[in-house]
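Heads up: the structure comes next, in structure tokens.
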Amino acid sequence: MIRFVFLSSYNHRVVFASLIVVGCSKPVFFASVLKRVNPRPDAVGCLVQLKIHQGLESCSTMENLKQYHSQIIRLGLSDDNNAMGRVIKFCAISTHGDLGYALKVFSTLPQPDTFIYNTIFRGYLQVHLPKDCISFYLQMLHTSVPPNKFTFPPVIRAFTFDNAVEQGRQVHAQILKFGYHLDSFSQNNLIHMYVSFKRLEEARMVFDKMPQQNDVSWTTLISGYSQSGYIEDARKLFDLMPEKNPASWNAMIAAYVQSNCFHEAFLLFDQMQRSNRFKLDKFIAASMLSACTGLGALKQGEWIHDNIKKTGIEVDPKLAATIIDMYCKCGSVEKAFETFNELPSKGISSWNCMIGGFAMHGKGEEADELFKRMENESKTPPDYITFVNLLSACAHSGLVKEGHYYFQRMVEVHSISPGMEHYGCMVDLLGRAGMLNEAMKLINAMPMDPDARVMGALVGACKIHGNTELGEKIGKKAIELEPYNSGRYVLLANIYARASKWEDVANVRKLMNDRGVKKSRGFSLIEIGGVVNEFVAGGRSHPDSQEIYAKVKEMLACIRSIGYAPEAESVSHDISEEEEMEKALFYHSEKLAIAFGLLKSKAGETLRITKNLRVCKDCHEASKLISKYFGREIIVRDRSRFHHFKQGVCSCNDYW
DNA sequence: ATAGGGTTAG
């Protein structure tokens, strides 16, 4: 039995804490204690908070809270901001809370204080209702409740969220008016706000005016520059930063990764490691895995994964997705699947990445099977992306029946209405399978206007199936929908080239040039001995280029002996001289990369190549024959999928 | 209370 002698001490916080420690948690008991001691409001608040804190570990927390709430009311403290503030805090912010209940309590308060307003702001932000947050803020100002330094961060966030540039500036003015120009939290949030408005000059001005920038200020501005495409400015700032921490290193590494500057990301990572001050953490690991994914650098990716395991970095769902994606996109679905199966708990993105991985590798049946597993045994319901990946898997494997089935099932069973991407997959699926009219019909039946990618899928299908007429019509539309995308022009030019309409080919090229659209330069990467080598068509900057060109010649001579004939189709302009045509074909970056791979790897080793564009028909044919002649497996990652060349056959069954 | 990582059709 607890003795009440303590209560005379008036140190209620300690007393209540002790009561809870000894385990007397019945609300009724507390009520009786409270009645006897005529507690101060903050003591009651403390009790509620402690109880709630304890309650967080059990399940029925809202219920518990409501019990304490009624206790407090019975004690006559229903107008008390201190006690009610804590009730509201729990309801508005904690994961098991209930914002609606918080608002109900709020509405009963005659004079809610600053803390309570601040709490409501945070609650609204958490559920992504910035507009409501803003209207409460206005109400706060109208009722002359003075803001404090905790007021502004969430309010700034709300304006950021709402993309309200003008109002955001007004809040900035209010912050200065209320004298919070020295508060780093408010200032950092302002930097973040201007960054997300892409007002980098204004963000920089806030930063420069701060008397004392901290890590967060620096890191926010660094990522801000990089997200707006000012990667060099980001780097300048990073170099200026006096005391770097892991977050700032990662911000810069991630900046490079997001700008596709993977080599720079690796350089910076090496620099960080050499400085010996920071270890790999889960964020840096994730960024570096993405860098590996971008380069198709399997070895380096494995190295990062090994380090994650060795150092015991927790593999949360995001990191798991990154690892799985890395293995898939670096050509090793097997490793990805192994990792996937070993995950103790699988988040939605783990499933999605894995299904997407099977899709990319043309493993439609595996994707199908995995999806069934997801429906049956996992508590994670499939989402929008799951179906994009699943339908894409069907498209890449020619699973027309399954594709139709899932397109329907998505709506009927999972209540997901098809979006642009799903239509894109279906058009691709039907188009590849030669059902061009049905694909066209589906486009016409879409509830939204098809975008360039949906149109592009149909154009691609027209190219495969040699339908020049439809390809021309849709190809032109696709160009007008995305006049700055060079790929659209190239596709139409390819269609004309296939039909030997050289004049039209020339016209498309001219149109493209007149509009100043530059064809994106193709390149191929191959990793040898932990070094990623890059090749561009006709490039001679590689130190071994002489040797490599000789090897290309030899390689092509070899496969000629088993039936290789260069394909004119892959040249998008008319070249009458056979020799010229062959030159253009022979020095495609992919062939250079393969030749280099043959030179530098041991007999029988698999060659893994990553390309930024799609494999051309000639290289595809050549790769098949090389795999046969030289007894090598060649795995090529395309812009859209993988090709596993083995003994003269490609895993895509020439269906790409 | 503020900063750093992932999955989306061609």
Side-chain angles (χ1 to χ4, degrees), chain A residues 93 118-119 121-122 125 148-157 183-193 195 214-224 226 245-255 257-258 281-290 293 316-326 328-329 347-357 359 383-396 418-429 431-432 451-461 463 478 485 487-488 491 614 638-641 656:
Chain A
I93 293 173
N118 295 348
T119 306
F121 299 154
R122 285 177 60 199
L125 265 195
N148 66 13
K149 64 175 178 177
F150 294 96
T151 304
F152 295 108
V155 169
I156 296 166
R157 282 297 224 246
D183 176 54
S184 66
F185 284 88
S186 297
Q187 297 304 311
N188 287 342
N189 275 291
L190 281 175
I191 297 174
H192 177 96
M193 178 185 81
V195 157
N214 63 18
D215 297 348
V216 180
S217 331
W218 285 92
T219 311
T220 307
L221 199 55
I222 290 170
S223 328
S226 104
N245 67 9
S248 46
W249 278 95
N250 182 54
M252 197 59 231
I253 293 172
V257 174
Q258 283 148 16
D281 68 14
K282 65 173 174 173
F283 297 103
I284 299 169
S287 298
M288 288 313 298
L289 285 167
S290 293
T293 304
D316 64 25
K318 286 184 182 185
L319 191 53
T322 317
I323 297 168
I324 293 167
D325 195 48
M326 182 278 292
C328 289
K329 291 196 177 136
I348 178 76
S349 43
S350 309
W351 290 94
N352 290 351
C353 285
M354 202 56 239
I355 292 173
D383 70 358
Y384 190 96
I385 296 172
T386 314
F387 282 100
V388 173
N389 290 347
L390 182 61
L391 292 174
S392 147
C394 295
H396 282 298
M420 195 67 87
E421 293 92 338
H422 301 117
Y423 281 105
C425 291
M426 288 306 285
V427 169
D428 187 35
L429 173 80
R432 279 176 204 268
D451 68 0
R453 295 152 116 188
V454 175
M455 293 300 206
L458 185 54
V459 182
K463 186 188 152 197
N485 184 338
R488 310 276 167 232
L491 200 52
R614 302 195 63 181
D638 196 299
R639 193 184 172 78
S640 73
R641 62 163 297 151
W656 90 102

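Side-chain atoms are counted along with the backbone in the values below, which use heavy atoms only and exclude waters and symmetry mates. Below, chains carry the letters A, B, ... as their sequence lines are ordered, and counting in each starts from 1.
- Inspection of the A:N352 and A:N389 side chains reveals no N or O donor paired with an N or O acceptor under 3.5 Å.
- Contact annotation for A:V427: no contact, since no heavy-atom pair falls under 4.0 Å across all strands.
- With A:N148 contributing its side chain and A:T151 its backbone, the two residues share a donor-acceptor pair below 3.5 Å.
- One can place CH2 of A:W351 at 14 Å from C1' of B:dT7, the figure rounded to the nearest angstrom.
- The side chain of A:S640 lies closest to B:dG10, out of B:dT8, B:dG10, B:dG5.
- Scanning all heavy atoms of the two residues, the minimum distance from A:R488 to A:G456 falls at NH1-CA, 3.9 Å.
- In this structure, A:H192 atom NE2 and B:dA1 atom C1' are separated by 14 Å, rounded to whole Å.
- If you check the side chains of A:T293 and A:D325, you find no donor sitting under 3.5 Å from an acceptor.
- Within 4.0 Å (heavy atoms only), A:K329 reaches sugar-phosphate atoms of the nucleic acid but no base atom.
- Closest to the side chain of A:S223, out of B:dG4, B:dA1, B:dA9, is B:dG4.
- A:L221 places its CG atom 13 Å from the P atom of B:dG4, with the value rounded to the nearest Å.
- Comparing atom distances between the A:I385 side chain and each of B:dA1, B:dA9, B:dT7 picks out B:dT7 as nearest.
- For A:D428, the side-chain atoms get nearest to B:dG10 when compared with the rest of B:dA1, B:dG10, B:dG5.
- Of the side-chain N and O atoms in A:R432, one or more sit less than 4.0 angstrom from OP1 or OP2 of B:dG10.
- Closest to the side chain of A:F185, out of B:dG4, B:dA1, B:dA9, is B:dA1.
- Nearest heavy atoms, A:G419 versus A:Y384: CA-OH, 3.1 Å.
- Atom CD of A:Q258 is separated from atom P of B:dT7 by 10 Å (rounded to the nearest Å).
- Of the candidates B:dA3, B:dT8, B:dA1, the closest approach to any side-chain atom of A:N389 belongs to B:dT8.
- Between the CG atom of A:L190 and the P atom of B:dA3 there is a distance of 14 Å, given to the nearest Å.
- Within the 4.0 angstrom heavy-atom criterion, no nucleotide atom of any strand lies near A:M455.
- Of the residues A:V454, A:L390, A:L391, the one that meets the side-chain contact (heavy atoms from CB on, under 4.5 Å) test with A:C425 is A:L391.
- Within the nucleic acid shown, A:P317 has no heavy atom closer than 4.0 Å to any nucleic acid atom.
- At the heavy-atom level, A:D451 lies under 4.0 Å from base atoms of the strands shown.
- Interface remark: the A:N189 side chain does not form any donor-acceptor pair with the B:dT2 base, using a distance-only criterion of under 3.5 Å.
- For B:dG5, its base sits under 3.5 Å from the side chain of A:D316 at one donor and acceptor pair at least.
- Of the candidate nucleotides B:dA9, B:dT2, B:dG5, B:dT2 has the atom lying nearest to any side-chain atom of A:N188.
- Ring-base stacking between A:F150 and B:dA1 is not satisfied when judged by a centre separation under 5.5 Å and a plane angle under 30°.
- Within 4.0 Å of A:R641, counting heavy atoms only, lies no atom of the nucleic acid at all.
- Distance A:N214 CG to B:dA1 C1': 13 Å, rounded to the nearest Å.
- In this entry the distance linking CG of A:L391 with P of B:dA9 reads 11 Å, nearest Å.
- In terms of polar N and O atoms assigned as donor or acceptor, the side chain of A:T220 never comes within less than 3.5 Å of the base of B:dA3 in a complementary pairing.
- Between B:dA9 and A:H396, no contact under 4.0 Å exists linking OP1 or OP2 to a side-chain N or O.
- When atom types are taken as modelled, the side chain of A:N250 and the backbone of A:P246 share no donor-acceptor pair closer than 3.5 angstrom.
- Within the 4.0 angstrom heavy-atom criterion, only backbone atoms of the sugar-phosphate kind lie near A:S290; the bases stay farther away.
- Counting atom types as modelled, A:N245 pairs no side-chain N or O with a base atom of B:dG4 as donor and acceptor under 3.5 Å.
- In the set B:dG10, B:dT2, B:dG5, the nucleotide with an atom closest to the side chain of A:R614 is B:dG10.
- Residue contacts for A:N118: at a heavy-atom cut-off of 4.0 Å it reaches no nucleic acid atom on any strand shown.
- OP1 or OP2 of B:dT2 has not a single side-chain nitrogen or oxygen of A:R122 nearer than 4.0 Å.
- If you check B:dA3, B:dA1, B:dT7 against the side chain of A:P153, the one that comes closest is B:dA1.
- For A:D325, the listed nucleotide lying nearest its side chain is B:dT7; candidates were B:dG10, B:dT2, B:dT7.
- Looking only at atom types and distance, the side chain of A:S217 has a donor-acceptor partner in the side chain of A:N214 under 3.5 Å away.
- Look at CZ on A:F387: it is 16 Å from P on B:dA9, rounded to the nearest Å.
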